[in-house]
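Counting starts at 1 for both ligands and their atoms, in listed order. Computed from a prediction, not measured in an experiment: that's the story for all the values here.
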Amino acid sequence: MRCWHAAVARWFGQLKLAFEPALEAEFERATVRARRYRYRRIGYLQLAMTHVGALGLYALLDNATIVVLATLAVDLFSLGCILVLRRKPGVFVRESVMMAGVLCWVLMAETLSLYAHARYLWIIQTAIALQPFLMAAAIQLRFPYCVAGCVATVATVAVGNALFSAAAPAEQFWMALVQAVAAMYALFGCWRLEQRERVNYLAMRASEHNARELDRLTHHDDLTGVLNRRGLRRALAGLSGPCVVVLADVDYFKRYNDHYGHLAGDRCLCRVARCLSDTLAGDGEVLARWGGEEFLVIIDTDRPEVGAERAERMRSAVRRLGIAHDASPVGAMVSISVGYALGALDSADNLDDLVHRADLALYAAKQAGRNCVRDRPASAVGVEGRYGAGISRA
Ligand SMILES: Nc1nc2c(ncn2[C@@H]2O[C@H](COP(=O)(O)OP(=O)(O)OP(=O)(O)O)[C@@H](O)[C@H]2O)c(=O)[nH]1
């Protein structure tokens, strides 16, 4: 019993076609190219089919002029559709034009049926009944437009039959039945195809999201969101030339963890990472978490003074954050020590060498009392002395 209920609920759930509006617009954007391409292809197909159909009608009808005129009308309409589609119209114009293209066929068949011998009428009427099939199976109009198209087709045929058809009432009833079944089938087919397309779209979206997430996890640090080592190597792949490597390390971070707890330590690292990221000047600069509480910045420059300026900017920015660190001997606030080195990046392979040189400078900064900047090799930059008060030169 429950199974039965669940199946019905699932089926009704599947009947829903609509995404929320934002997703609807995204779906339209994602599928519009394929749709335009398919519609154009159908336009060309319709041109070819019109001519094949015209040959058949020529054999059925005595009146050649009306066949030529009807063929010409459909030709012009098909070409018009193709031209409109080339101009990349919005969804309303695009779907309406295609729907009108189908109706054009219906009208042509209705007009021709006026001139048909009574014994051929059923052929033409069946052709009319097949129009909604064409819509659903080949054109695959968006569902609301398919509904409008089917209603318009059935109405056109009903009015045409009532006013002009020479068929007997019993024949008219069977023809109407065939058309109704065809229209229902078309609606169902169109709904099913669009439903599939939507489900596929959602699956594609989910897999793209997963791929992005995998990429993010592989190349970014989970805690701070900045690049990790692997991400940094990828960002540097293919780059070569002079650069400045800046290595920053949070001072007395073990004490911070011990004093405030590991979670607070995590939050502190996140704030420091965001702060360092804000100090980057643009495309030529990359920030990564090198490990634990160490951050690395690569600056695409051959001028050591740029490295000195950027390193000092990082140091003072972190200090300005004003994160309390009661266990730190360096002014009861979180601070970083920074070392930088100028070098040449031949490939991502010699990155370790450059980092090693920056690490030596960082070591010098730690030796100098922390919360300061040093370069590599011995020529220390007394940053506080140069940019402000406090830490002395090593
Ligand atoms: N909360 C937190 N702590 C971390 C993380 N990664 C590394 N640490 C801690 O960072 C601390 C680094 O300590 P040390 O290498 O001794 O350096 P320090 O205490 O900062 O001292 P100096 O660098 O010499 O100023 C260790 O206690 C690590 O546990 C992390 O992701 N989160």
Side-chain angles (χ1 to χ4, degrees), residues 213 216-233 245-279 286-297 307 310-341 351-352 354-378 380-385 387-394:
E213 190 59 13
R216 193 186 66 75
L217 290 173
T218 313
H219 296 105
H220 290 81
D221 173 46
D222 207 22
L223 175 69
T224 59
V226 300
L227 293 177
N228 58 19
R229 286 192 189 201
R230 198 181 282 123
L232 180 70
R233 284 185 198 286
V245 178
V246 184
L247 194 59
D249 182 285
V250 182
D251 296 327
Y252 297 112
F253 196 60
K254 184 176 177 330
R255 293 189 193 184
Y256 188 94
N257 273 336
D258 294 344
H259 192 75
Y260 296 100
H262 211 267
L263 277 180
D266 283 354
R267 279 196 296 276
C268 172
L269 284 180
C270 288
R271 288 188 66 188
V272 169
R274 216 172 310 130
C275 170
L276 293 180
S277 168
D278 290 342
T279 64
V286 190
L287 167 72
R289 186 177 177 192
W290 192 245
E293 27 42 300
E294 275 186 348
F295 294 91
L296 187 77
V297 172
R310 205 53 50 80
E312 170 54 19
R313 198 198 292 181
M314 288 161 65
R315 186 203 64 79
S316 56
V318 170
R319 193 65 169 176
R320 270 202 309 277
L321 280 177
I323 305 171
H325 187 351
D326 290 339
S328 168
V330 196
M333 263 189 290
V334 167
S335 61
I336 55 171
S337 299
V338 188
Y340 70 92
L351 180 64
D352 289 341
L354 296 179
V355 175
H356 177 66
R357 295 178 55 203
D359 201 22
L360 291 176
L362 175 63
Y363 181 74
K366 292 279 181 188
Q367 291 296 304
R370 296 173 176 80
N371 185 33
C372 64
V373 173
R374 292 292 181 270
D375 74 350
R376 166 85 181 110
V381 181
V383 173
E384 291 283 5
Y387 294 93
I391 306 294
S392 61
R393 296 172 69 100

Rounded distance [0.5 Å steps], CZ in Arg255 versus CG in Asp326: 12.5 Å
Heavy-atom pair of closest approach, residues Cys372 and Ala365: SG-O, 3.4 Å
Residues 328-339 side chain polar contacts: donor-acceptor under 3.5 Å, at least two apart:
from	atom 1	to	atom 2	distance (Å)
Ser328	OG	Val330	N	3.0
Ser335	OG	Asp251	OD2	2.7
Ser337	OG	Asp251	OD1	2.6
Ser337	OG	Asp251	OD2	3.4
Ser337	OG	Asn371	N	3.2

Close-range residues for ligand 1, whose non-hydrogen atoms fall below the 4.0 Å threshold: Leu223, Asp249, Val250, Asp251, Tyr252, Phe253, Lys254, Asn257, His262, Gly265, Asp266, Leu269, Arg289, Gly292, Glu293, Lys366, Arg370
Side chains of Arg289 and Leu232 in contact at under 4.5 Å (non-hydrogen atoms): no
Side-chain donor-acceptor contacts of residues 261-278 below 3.5 Å, not counting sequence neighbours, with atom names and distances?
none

ring-ring contact (aromatic ring centres under 6.0 Å, His included) partners for His325, two or more places apart: Tyr256
